2 protein chains.
Amino acid sequence: MARTKRVDGFRAPKPTIVDVARHAGVSAATVSYVLNGRFSQVSEKTIDKVRLAVADLGYVKNLTASALSGRRSNLIGVLLPDVLGADSRNEQAELNPFYGEFIFLLEAEARARGYALCLYAGRQKDAVEFLLQRHLEAAALIGFCPPDLQMLLDRKGMTLVVYDSFRAHEGVRFVRTDEERGGALAAEHLLSRGRRKPLFLGGYMAEFPDHPPAYRFRGARKVFEQAGLSMEVLEGPTSYSAGFEAAETAVQLGIDCVVAAADIIAAGLMEGLRQKGRRVPDDVAVTGYDNIPISRHIRPQLTTVDQRLPEKAAALMASIEEEDAGELVVLEPRLVVRQSS
Amino acid sequence: MARTKRVDGFRAPKPTIVDVARHAGVSAATVSYVLNGRFSQVSEKTIDKVRLAVADLGYVKNLTASALSGRRSNLIGVLLPDVLGADSRNEQAELNPFYGEFIFLLEAEARARGYALCLYAGRQKDAVEFLLQRHLEAAALIGFCPPDLQMLLDRKGMTLVVYDSFRAHEGVRFVRTDEERGGALAAEHLLSRGRRKPLFLGGYMAEFPDHPPAYRFRGARKVFEQAGLSMEVLEGPTSYSAGFEAAETAVQLGIDCVVAAADIIAAGLMEGLRQKGRRVPDDVAVTGYDNIPISRHIRPQLTTVDQRLPEKAAALMASIEEEDAGELVVLEPRLVVRQSS
DNA sequence: CTGAAAGCGCTTACAG
DNA sequence: CTGAAAGCGCTTACAG
């Protein structure tokens with residue numbers, strides 16, 4: 001709208017509600033009622049007149065005005081981690097494929113409910129301003145760990161749903177998978193395959209005991225401990241190269257199975273093991289986590305724990321929309337057995 | 001904003017420009033001038049007073065109101081293909097990792113210029129309504145081939161930038177890579193490696209002569225023809241499984257190199273070839289297209305053509321923002337030689 | 001069932 | 001340099 005453009009034909013000015021009202025021979029208020037489905041207040045005949053006028057004029061409601069006049073904006077803010085920026089811990093600046101997939105899932109859920117998504121992936125300190133400025137109805141925090149963002153927004157009355165986080169705050173909603181159960185699932189599976197010398201690979205358990213990898217780790221450890229076994233640990237970032245480089249240590253440790261904190265790590269590890277002449281799963285059984293597409297593509301195909309992304313996207317939107325949604329939705333992860341174990 | 005929530009403390013009402021004005025002892029108009037950097041119209045002393053009041057009150061401008069009152073919305077619509085929906089031709093419903101990466105790049109570019117992104121990935125027929133409703137300043141079309149969308153929006157005065165498309169429309173801007181050159185790059189490389197029996201794999205050249213794969217195909221064919229060689233063709237969707245299944249035909253054809261229309265196809269092909277006992281690159285040299293992360297991860301690492309995504313994201317935003325941006329920005333692709341060739 | 005009017009929070013000519 | 005006023009396009013009590 002900012003820029004005027006040379007137009008060969010005539011520029012159709014966007015009709016407003018007043019134009020529709022005039023065209024239909026009614027008041028703007030009446031048009032508004034029809035538009036918003038307040039049919040109890042309008043006669044059938046009037047409804048038809050308005051609808052005809054809307055069609056005739058090609059009227060499209062201006063949601064900006066609608067939002068300003070006190071109604072809902074139908075916009076949901078999605079706060080994403082600053083993967084491209086300096087905040088990121090990922091030295092490769094390589095994107096977890098998970099995000100793209102999740103954004104599409106979320107968008108579809110939002111659209112089905114009449115919302116649109118507004119993205120923000122900048123620095124956390126500027127996130128509040130973003131959310132407050134845009135008249136957003138709610139915010140979904142993905143991979144975001146804002147220290148006081150949640151309280152700040154709560155004071156402004158904005159609904160917040162935090163995805164895949166464990167930090168508990170008053171009045172904030174959570175959607176996540178039972179990560180500990182996921183780790184346990186992987187461990188139980190490896191045990192059932194007769195593995196006895198496990199290694200957990202990836203994540204920063206000491207530094208971020210609140211992040212998913214730490215939960216996966218604890219879930220796996222508990223299972224092995226109950227079987228009288230202890231699990232080695234190798235911390236590291238969530239990247240292919242981290243997994244690749246870990247192959248050497250894995251070999252030195254003489255382990256016979258690996259619970260990787262993410263598929264991408266497992267993929268790197270398997271290639272590293274292959275180059276060292278170790279066979280998967282014969283010498284080392286490997287499980288990943290996330291069930292990203294790559295896990296089906298590499299050979300051997302990766303056994304992994306499915307995050308249930310579609311269900312989580314749906315739960316997230318439901319949690320945003322429903323007044324009485326619970327404070328916490330926890331979905332059960334699912335083991336996907338393939339060739340690597 | 002839609003929902004009222006129980007708040008333990010008091011709910012801080014968002015201060016408005018009037019509150020700031022009152023606090024600073026000036027008029028709302030003056031506050032607006034300061035907020036918008038119209039400093040020539042305000043004395044230094046007043047500017048300070050206003051700024052102080054803004055800080056005191058924690059004022060954040062309501063961009064919805066700002067947009068409505070005739071100014072820019074600072075919102076850009078991003079139209080994505082309906083990969084999850086019925087429109088999609090991708091039977092696996094598997095997301096091209098390209099999109100996630102591109103969205104992040106675009107968001108960063110947009111943010112740096114003061115815009116936010118608003119996503120839409122629904123049916124094409126509803127896209128116009130989406131764009132018109134939200135008071136968007138411009139739209140970026142990614143993988144979208146709207147028949148008359150462009151003209152429709154042009155009549156409404158909305159800036160459009162079409163990404164990776166070749167359809168020429170009056171007054172629409174394009175950003176893309178020189179796909180024909182990319183195909184040529186791959187072919188020249190394979191020729192220089194002594195390959196003489198090429199196959200082009202993927203895309204629907206007859207059905208969609210306007211889509212990138214068709215251009216890549218023609219670029220590659222031209223190079224081989226000039227060397228006196230003819231190129232086999234195998235059309236198909238852009239998916240791992242399509243590549244995997246093509247391995248059989250590739251072997252039957254007795255070709256010694258493959259120009260794949262996408263990395264994901266090449267990845268599937270290489271695994272298929274491996275299972276048939278063919279070695280890459282010894283028996284068959286393979287090139288992909290896109291340079292997605294997976295191309296570095298599979299073994300042998302895939303030789304591919306880089307799309308120059310970051311540059312394209314920047315060019316797209318520049319094209320949206322700059323009044324006098326050209327109608328067409330074409331970036332040169334780049335060959336990335338790895339192990340598969 | 002329908003409409004006149006005020007208001008959402010900002011911006012922008014227009015006066016002064 | 002500063003402010004009063006109208007307006008952006010919609011919604012919502014409030015009358016009738």
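Chain identifiers are assigned alphabetically (A, B, ...) following the order of the sequence lines, protein sequences preceding nucleic acid strands; residue numbering begins at 1 within each chain. Quick caveat, the model's predicted, so the values are computed rather than measured.
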Is any side-chain nitrogen or oxygen of [X] closer than 4.0 Å to OP1 or OP2 of [N]?
X: A:T46; N: C:dT2; value: yes
X: B:S69; N: D:dG7; value: no
X: B:R38; N: C:dT12; value: yes
X: A:N36; N: D:dT11; value: yes
X: A:Y59; N: D:dC10; value: yes
X: B:S32; N: C:dC10; value: no
X: B:K61; N: C:dT11; value: yes

What is the separation between atom [atom1] on [X] and atom [atom2] on [N], rounded to the nearest whole Å?
X: A:Y33; N: C:dC1; atom1: OH; atom2: C1'; result: 10 Å
X: B:H135; N: D:dC10; atom1: NE2; atom2: P; result: 10 Å
X: B:L68; N: C:dG7; atom1: CG; atom2: P; result: 17 Å
X: A:N62; N: D:dG9; atom1: CG; atom2: C1'; result: 6 Å
X: B:I47; N: D:dC1; atom1: CD1; atom2: P; result: 9 Å
X: B:L132; N: D:dC10; atom1: CG; atom2: P; result: 12 Å

Check your understanding: Checking side chain to side chain contact (heavy atoms under 4.5 Å, CB included) against A:Y120, which of A:V78, A:D126, A:L80 comes through?
Key ->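 Among the candidates, only A:D126 passes.
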Touch check for [X], heavy atoms < 4.0 angstrom, all strands: base, sugar-phosphate only, or nothing?
X: A:T64; value: nothing
X: A:F39; value: nothing
X: B:V31; value: nothing

**Study point:** Candidate pair A:S32 and A:N36, rule side chain to side chain donor-acceptor pair (under 3.5 Å), full reasoning
**Key:** CA-CA 6 Å; A:S32 179; A:N36 294 310; 3.3 Å; yes
**Study point:** Base-pairing assignment for C:dG3 (Watson-Crick or G-U wobble, both under 3.5 Å)
**Key:**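 Its partner is D:dC14.
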Review point. Between B:V26 and B:A65, which has a closest nucleotide on DNA chain D that is more 5'?
Key: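 The residue closer to the strand's 5' end, by nearest nucleotide, is B:V26.
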Exercise for review: To the nearest 0.5 Å, tell me how far A:E311 CD sits from A:L105 CG.
Suggested key: 9.5 Å
Point to revise | Residues A:K45, A:D48: salt bridge by 4.0 Å N-O rule | key: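 A salt bridge is absent here (no side-chain N lies under 4.0 Å from a carboxylate O).
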